[in-house]
Amino acid sequence: MSRSMEKIVALCKRRGFVFQNSEIYGGQNGFWDYGPLGTELKRNVRDSWYHDMVSGHNELLPPSEAPSKYQMVGVETALIMHPQVWKCSGHYDLFHDMMVDCRETRSRFRLDQVRIRWVSCDGKSVKQDKTESDLTRIAVATTEEDFAVDLVVQALRAFGMKKKYADKLQWDGNATRLDLIDLSEFPNVVAPGATKAGTLTDPREFNLMMKTIIGALGTDDDAAYLRPETAQGIFVNFKNVVDSSRVKLPFGICQVGKSFRNEITPRNFTFRSREFEQMEIEFFCRPDASSGWYTYWRDRRYQWYLDLGISKDRLILRDHHADELAHYSVGTADIEYAFPFLDDGEYGELEGIAHRGDFDLRSHMEGKLTKDENGELAPELNEHGQPRHRGSGKDLSYFDDHAKERFVPHVIEPSAGADRATLAFLCEAYHEDQQPDEKGRMQERLVMKFHPRLAPVKAAVFPLIKKEGMPEKAADVFGALKTAGLNCQYDQQGAIGRRYRRQDEIGTPYCITVDGDTLTDGTVTIRDRDTLVQERIPADRVAEEVTSRLNA
RNA sequence: GCGGAUGUAGCUCAGUGGUAGAGCACCACGUUGCCAACGUGGCUGUCGAGGGUUCGACUCCCUUCAUCCGCUCCA
C-alpha cells in the first residue's frame, strides 16, 4: 500500500473515522466500523446523494440535459428476501458449489467434477505433501471429459512412467468421484497435474452470498441469503410502487442500504468489504427512450462527484467495451477514482451505470433468463423443458396511458457504493501543506479539505483564553450553532494554534474564536480552513453566517 | 486460496529467556494570549490471541487471527 494511503488509514483510526471491526478480538477480515467522525461523513455522503437524487428533485422541471421531466421515489426493503429472488436474478447459480483447491498447482475444482480412481504400480511410490512419506497406493484425479483416458495419463505421470508401460498399472475398483469418497482418503489423492499426493484442501462451500437460517429451529431447508445487492428489492416492488404512488413513466425508484458478499479477497481498506452500503437508482423508462436516459444518468452521476469536490484529474468515466457488457445490457459505464492504493493509471470503481433493458423485470415474471439460440432472452430450461428457476408469474408490465400500450419498461441502473464514495472523499480531502507557526517558521499542516456539505464537523468554537468571560460567550455561540442543527465542536483546551490544527485535521471548514474584542464590540472571528483568512462578524449572526457559507 | 513479511502505550517505534521503555499525543496546574508555545506533575500496556517448552516466555516452538506485499480471484 502506498505511503499516502497508509497515512490516510492511520488518520482514520487516530481521529475516529474508520475502525477495524471487532478490533479488540483481533478483527474480522472484510468488515469495518465507522467511528464518530466517519459516521457523520458517511451520513453526509448518503444524505447528499438522497437529497440530490430524490428528495430535492423537482419533478415538474426537467434538469438540463434530461430527455424529459421525471419522478423519483425511495424505498427501503428488507435485507433478506425470498430465496427465489436470487434464483431468478441469477445470483444463486453463480457460485454455490463445493470446491477444493490444489495447493501445488494453485487450481480450483468443483468437487463433483473431479473423477478419481485408485491405482498402484509394482511398488512404485509417490511422495505425500507435508509428511513426505512414500505412498504406493494412490488415487489419481482428473477433470477431463474423457476421464478414463486421462486417468491413465495422470497415473503414469504420477509414477513417472512412460506411456508404453500403461499395462503395468494395477487399478483398484472403478473410477468414482471426489465427492463420493471419505475426507480421510484425501491425503492419498494426487490432484490433476500435481506431483505429490494430498495437496487438495478440504472441500469448502463456495458461495458469494452470505447464508443464514430463518426460524429458531431452522435447518438447511430454511436457508436464506443476505442480499448481495439492493437492486432486487426495488424490482420485486416495482408493481407495488406503480400501484400505490401514482408514479408515471419515466421514474426512478431509489434505495440506500447494506448488501453482503463473500468477497474472496477483501483488501484495500474499506474498498472491498464483505458488508457494504449501496446507493442505487433503478430508473424505469420506455424502451425507445432508454438510450437517452442512459446517457443522462451516466453524465449526471459523474458530475455529482465533481460537484462534491472530487478532482477531474482523478475521476474517470469509462464506457465498457461491447464485449465486456453483460448479455442483457446495451451499455454500461463505470465511474472510477484513482485511489492512492492503486498504481498510476489504475482506477477503482465507485459506481456503475448500466442499461439493463427489461432483463430484471422479465426475470421476475418468467423465471431466470438466458440467451437462446437466436440470441434472444428466454427462460433457462431444465431437463424436463420447464423453467430452471420459475419466476413469480406476476405481470410486471406497465400500461402507458398516453400511448395506450402495455410493455415491460427498460431500466437504467446507476449503482453507487456509499463506502467507496466515502473512501474517495477521504482520500481526496487529505492534504499536507506548509503554514507558518507563531514564530513565522513553516510547519507541516495536515488538513482534510472536505467539501463543506460533507465535512463531519461544520464549525468549531473557541474562547481565545479560558477566562475573562470568554468561555461563557463562546458557549452561547456554540449553543446557537447547535440550535441551527449544525454538528459543531467546542474546544478551550491548549493553545489557540493547536486547536486550529486539530480542526484542520478533521476537516472542519470554519473556526469561530471569541476574543477580547467580542466582550466590547460583540464580534467574533471566523476562520476559513483552506485560506486561513479571518473575518470579524457579529457574534449573534454566527449561525446564519456559517449556514450561508455551507450552502454557498 | 497460495507464498512472504509484520503484530509492544492512542500514534511512531526501541528492547531483553528473569514479570517493559522513548518521543509525540492526552489530562491537571501555572505562565502566555490568534495558527502544532514553555515549565512542573500525571495517565496509559493481559508485548495480537490460544497452546507448548522452561523454575521462569514479550523473547524459543506450534496453532490461530489480523494487516501489508506478490500471485490468484473479482461473480
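The chains referred to below are lettered A, B, ... by the order of the sequence lines, with proteins before strands, and numbering in each begins at 1. Here the structure is a predicted model, which is why all the values come from computation and not from measurement.
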* Which listed nucleotide (B/U67, B/C26, B/C35) is nearest to the side chain of A/Y500? -> B/C35
* Tell me: CG of A/D433 to C1' of B/A36, nearest whole Å? -> 13 Å
* To do: Pick the C1' atom in B/C11 and in B/U16, then give their distance to the nearest Å.
  => 24 Å
* **Base B/C74 paired with A/R272 side chain (donor-acceptor, <3.5 Å)** => yes
* Pairwise C1' distance, B/C58 and B/G18 [rounded to whole Å] -> 12 Å
* Has A/K211 got its NZ or CZ under 6.0 Å from the middle of the six-membered ring of A/Y225, at an angle within 45 degrees of the ring axis? -> no
* Asked: Given Watson-Crick or G-U pairs with both distances under 3.5 Å, what dot-bracket string fits RNA chain B, with | for other-strand pairs and [ ] for crossing?
  -> (((((((..((((....[..)))).(((((.......))))).....(((((..]....))))))))))))....
* Nearest non-hydrogen partners of A/G507 and A/R529, listed with the distance -> O-NH1, 2.7 Å
* Asked: Think A/R15 has a side-chain N or O under 4.0 angstrom from the OP1 or OP2 of B/C11?
  -> no
* **Heavy-atom check, side chain of A/M209 versus side chain of A/L226, under 4.5 Å** => no
* Sequence-distant partners of A/K258, salt bridge (charged side-chain N to carboxylate O under 4.0 Å, His left out), two or more places apart -> A/E275
* Asked: If you measure from the C1' atom in B/U6 to the same atom in B/U12, how many Å do you get, rounded?
  -> 15 Å
* At under 4.0 Å between heavy atoms, what does A/D504 touch on the DNA or RNA strands: base, sugar-phosphate, or nothing? -> nothing
* Output yes when at least one side-chain N/O atom of A/N29 is less than 4.0 Å from OP1 or OP2 of B/C65, else no. => no
* To do: State which residue, out of A/I353, A/L350, A/I335, fulfils the side-chain contact (heavy atoms from CB on, under 4.5 Å) condition with A/Y302.
  => A/I335
* Asked: How far does the P atom of B/G3 sit from the matching atom of B/C62, given to the nearest Å?
  -> 15 Å
* **Protein-nucleotide distance (A/N268, atom CG; B/C73, atom P), rounded to Å** => 17 Å
* Any side-chain N or O of A/R498 under 4.0 Å from OP1/OP2 of B/A37? -> yes
* Partners of A/D530 by side chain to side chain contact (heavy atoms under 4.5 Å, CB included), sequence neighbours excluded? -> A/K449, A/D528
* Asked: Mapping A/F31 and A/R261 to their closest nucleotides on RNA chain B, which lands nearer the 5' end?
  -> A/F31
* Would you please confirm or rule out a distance under 4.0 Å between OP1 or OP2 of B/U12 and any side-chain N or O of A/R14? => no
* Is the Lys NZ or Arg CZ of A/R314 less than 6.0 Å from the centre of A/Y337's six-membered ring, within 45° of the axis? -> no
* To do: Would you verify whether the NZ or CZ of A/R420 falls within 45 degrees of the ring axis of A/F271 while also being under 6.0 Å from that six-membered ring's centre?
  => yes
* To do: Quote, to the nearest angstrom, the C1' distance that separates B/A49 from B/G42.
  => 32 Å
* Between A/E346 (CD) and B/C74 (C1'), how many Å, whole number? -> 14 Å
* Asked: Around atom CZ of A/R390, are there more than 12 heavy atoms of other residues, nucleotides or ligands at under 6.0 Å?
  -> no
* **Interface residues of residues 459-473 of chain A with RNA chain B (non-hydrogen, below 4.0 angstrom)** => A/L464, A/I465, A/K467
* Shortest side-chain distance from A/R499, nucleotide among B/C34, B/G33, B/C26 -> B/G33
* To do: Specify the separation, in whole Å, of atom CD of A/E349 and atom P of B/C73.
  => 18 Å
* Return the value, rounded to whole Å, for the distance between atom CH2 of A/W32 and atom P of B/A66. => 11 Å
* **d(CZ, A/F341; P, B/C74) in whole Å** => 18 Å
* Proximity to the side chain of A/K13 - top-ranked nucleotide from B/C34, B/G10, B/A36 -> B/G10
* State whether A/F260 and A/R274 meet the cation-pi test: NZ (Lys) or CZ (Arg) under 6.0 Å from the six-membered ring centroid, and within 45° of the perpendicular axis. => no
* **C1' spacing across the pair B/G50 / B/G41, given as an integer number of angstrom** => 40 Å
* Under 4.0 Å from any atom of RNA chain B, heavy atoms only: list the residues of residues 527-539 of chain A that qualify, in numerical order. => A/R527, A/L532, A/Q534
* To do: Name the orientation class of the two ring planes belonging to A/W32 and A/F269 (parallel below 30°, tilted from 30 to 60°, perpendicular beyond 60°).
  => perpendicular
* Would you say a side-chain N or O of A/R501 is under 4.0 Å from OP1 or OP2 of B/A36? -> yes
* Does the distance from a Lys or Arg side-chain N to an Asp or Glu carboxylate O, for A/R445 and A/D504, drop under 4.0 Å? -> yes
* To do: Quickly work out the A/L11 CG to B/G10 P distance and round it to whole Å.
  => 18 Å
* To do: Kindly determine whether A/I526 and A/V542 satisfy side chain to side chain contact (heavy atoms under 4.5 Å, CB included), including the steps that lead there.
  => CA-CA 8 Å; A/I526 178 166; A/V542 166; 6.0 Å; no
* Check salt bridge (charged side-chain N to carboxylate O under 4.0 Å, His left out) between A/D33 and all other residues, then give those that pass, not counting sequence neighbours. => none
* **Nearest-Å distance once atom C1' is located in both B/C43 and B/C27** => 7 Å
* Asked: Want to settle it: does A/A495 or A/N262 sit nearer the 5' end of RNA chain B, counting the closest nucleotide to each?
  -> A/A495
* Asked: Roughly how far apart, to the nearest Å, are B/A9 and B/G48 at atom P?
  -> 8 Å
* Asked: Looking only at side-chain N and O atoms, does A/Q493 come under 4.0 Å of OP1 or OP2 in B/A28?
  -> yes
* To do: Nearest whole angstrom, please: distance from the P of B/C69 to the CZ of A/F269.
  => 13 Å
